[in-house]
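Keep in mind that what you see is a predicted model, and the values were worked out from it rather than measured.
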Amino acid sequence: MMNHYVPPMQRALMLPTLKVLMLVQWVVVLPFLRYLPVWLGGVLALVMVWRWRVMHGDMRPAPLWLKVVSVSVGVAGLFASGLTSYTLDSAVALCLLGYLLKSLEVLRRRDAIFQIYLGFFLTGVYLLYHYSPLGALTAIAMLLANTLALHAVTADRSFEWRRGLKYSLGLLGSAIPIMVIGFLFFPRLPPLWTIPNDQRGAKTGMTDELTPGNVANLARDNSPAFRVRFDGERPPRSQWYWRGSTLGAFDGQSWRAFYNEQNRRQWPRGRLPEPTGVGDRYDYTVIIEASQQHWLYFLDWPTSVQADNARILPDGRAARQESLNQAYRYRASSSTRVDWSGENALDWYRALPNSGNDRLRAWARQRYDAVGGDETAFVDAVLDTIRSEPFFYTLQPPLYQGNNSISDFWFGDRRGFCSHYASALGFMARAVGIPSRLVGGYLGGVYNPNGDFVQVRQMEAHVWVELWLNDRWVRVDPTAAVAPNRVELNLDDWLGEENPSELPMGSRVRRGLSMFNQAGLWWDSMQYQWQVLVLNYQDDSAMGLVESHLGRINPWQAAGFMAAFLVVLGVIMAWLTGLLRLPRRLPEPWASLRRLEKRLGEREPGETVRHYTRRKAQEYPDQAEALMSVTTLIENMAYNQDQHSKKSTETRLRHLVQPIKKT
């Protein structure tokens with residue numbers, strides 16, 4: 001029977017190759033399951049069952065009806081998971097679904113290569129989700145896995161793990177110089193396309209709406225919110241109030257921002273007058289984590305911001321038109337006092353619903369009348385009430401609901417978080433005609449001496465009040481009245497002293513074991529340096545690095561340098577891949593024998609060393625004794641495996657050969 005030639009791309013995959021493809025699919029898909037619908041993990045499990053059947057001999061392609069049903073059910077699952085609009089999540093989930101379902105027909109080399117290329121694409125996409133040192137290591141593992149799979153699929157003989165790892169690591173290693181040069185010198189280009197990334201409710205940090213009690217959920221989150229490095233001296237710890245969202249609209253239960261996320265088109269257009277700093281000024285750089293919010297964070301009070309498409313809004317906060325889909329870096333300045341002489345919307349901050357919390361309204365007016373209508377004295381009286389009466393600060397307050405929720409807190413259980421106290425003070429101030437608004441942000445932070453920066457975590461989320469007193473906005477924090485140490489201590493340190501049972505588990509471990517605490521500081525510092533390297537690196541940084549060592553470089557010199565680098569890199573890669581073989585020095589005793597042949601003439605085909613030296617001794621009788629000694633040493637070195645005297649014997653042989661020449 002005559003055998004038909006099968007083109008390489010049509011050949012069936014070998015069993016070792018199928019095993020590699022199964023492993024690689026796990027490596028590519030698992031990192032995404034943290035961000036995408038969990039049921040995709042079930043699809044991965046079903047695909048693994050199919051691959052198992054194929055590996056055990058069932059090489060039949062999947063029927064058409066199974067492919068159609070799988071694709072239809074998968075797309076319906078994406079819609080059921082809320083991925084109905086064009087976002088990063090929906091695009092990646094659809095791509096990941098195709099990557100998984102492609103396994104139903106991967107039986108030949110052509111289909112396997114297509115799936116591997118899709119795996120390379122997903123490796124780059126993963127960095128859009130997790131661009132950190134750990135994310136980079138994960139991407140490198142994914143890249144190595146796909147390169148190994150490509151070697152397994154294209155190998156002409158049966159795949160071997162050791163050889164495959166060797167070639168894959170060599171290929172990736174040879175690409176490192178190109179990657180470094182590209183990072184240092186390749187022009188930074190704007191993105192060619194933009195995919196919105198709302199991540200379906202994965203918003204973190206303070207939002208533009210607050211209901212007393214919901215901030216307590218953030219207090220159990222130990223993840224970083226942003227990191228700050230000051231240009232000079234840091235402000236006192238009691239001033240570490242990080243302003244985020246200004247909440248001026250109150251409906252009886254919740255506080256909302258006037259310029260919120262839903263009405264970004266109504267934000268003031270053009271450049272707005274910025275507040276004038278009249279107190280101590282602090283300049284600093286902030287790297288904020290991806291939050292899917294629009295608000296930037298500042299040390300109270302912000303006076304300027306240097307960020308793309310960012311502005312300070314009339315309510316004293318800064319925002320970007322685009323949401324923060326990835327870590328973002330900006331510079332800012334703040335002052336301990338600012339001039340708000342341009343404020344013209346005070347009536348907004350006096351508005352209250354016509355009904356609700358009536359008991360607290362009456363109580364506030366009584367206290368206001370008791371101090372003779374003095375606004376400052378009224379605020380002091382409210383704070384004295386919090387200090388003197390049994391109010392409690394807790395992360396686990398009762399649930400206060402309804403139109404009388406603030407009154408129920410003030411006259412009832414009196415157990416609340418910062419948002420309860422701020423909401424009560426803001427409401428009472430408006431009840432007596434004092435303009436008030438709530439500010440959502442963070443209080444405190446952890447100074448990291450390893451990187452000289454302050455890390456602010458989600459658990460330091462905080463809410464305070466701003467009151468219009470003496471023709472300016474004044475920060476008043478009722479938390480300082482009920483829990484004075486909270487202003488000077490981090491939340492986890494304060495809870496560790498006052499109520500350890502409310503500490504998150506991660507904070508308990510770090511407080512109990514100094515080794516974990518130091519390791520955490522070291523890891524935070526490494527992440528910060530990574531963000532500085534990636535987010536702050538621009539083209540002028542590259543040229544500054546080169547010119548600091550080589551002086552001023554003109555375009556012709558830069559082009560020559562790049563050409564020389566590419567030539568050297570090409571030679572190195574040709575040598576690593578075996579395309580270029582460099583001359584090697586012969587080991588002894590053959591190097592000495594080769595020198596001897598160059599002087600006296602070459603050996604004849606099949607002639608042994610002893611026969612050669614005897615023949616030459618007859619031609620040159622005065623060299624006969626030296627030639628016999630050389631013969632003895634060469635034979636001893638060739639057949640004697642004693643390594644102890646190897647060096648001395650080699651030296652002696654070279655000395656004997658050196659004077660031998662034609663006479």
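- Minimum heavy-atom separation, S436 to R430: O-NH2, 2.8 Å.
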Query raised in the report: Can you check ring pair (Phe, Tyr, Trp, His ring centres under 6.0 Å) on Y349 and W468, steps first, answer last?
Result: CA-CA 9 Å; Y349 301 109; W468 185 262; 9.0 Å; no

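- Listed by chain and number, the residues in a ring-ring contact (aromatic ring centres under 6.0 Å, His included) with Y282 amount to none (sequence neighbours excluded).
- Ring pair Y126/F32 is perpendicular by interplanar angle, where above 60° counts as perpendicular and below 30° as parallel.
- Taking 4.5 Å as the limit, some side-chain heavy atom of F453 sits within range of a side-chain heavy atom of R227.
- Side-chain contact between R437 and W473: present, with at least one pair of heavy atoms (C-beta onward) separated by less than 4.5 Å.
- Side-chain contact between R229 and Y284 is absent, with no heavy atoms from C-beta onward closer than 4.5 Å.
- Contact of the L383 side chain with the V476 side chain is registered, since non-hydrogen atoms from C-beta on lie closer than 4.5 Å.
- Inspection of the T336 and D280 side chains reveals no N or O donor paired with an N or O acceptor under 3.5 Å.
- A parallel orientation is assigned to the rings of F226 and Y297, their planes being inclined by less than 30° (bins at 30° and 60°).
- Side-chain contact check for N448 versus Q455: every heavy-atom pair is 4.5 Å or farther apart.
- Aromatic ring centroids of W410 and W363 lie under 6.0 Å apart.
- Note: Y421 and F409 meet the aromatic proximity criterion, with ring centroids under 6.0 Å apart.
- For F298 and W242, the gap between ring centers reaches or exceeds 6.0 Å.
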Requested in this report: I would like to know whether R475 and D300 meet salt bridge (charged side-chain N to carboxylate O under 4.0 Å, His left out); could you show each step before the answer?
Outcome: CA-CA 9 Å; R475 180 179 65 232; D300 235 3; 3.5 Å; yes

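- Judged purely by distance below 3.5 Å, without hydrogens or angles, the side chains of D374 and Y368 never pair a donor atom with an acceptor atom.
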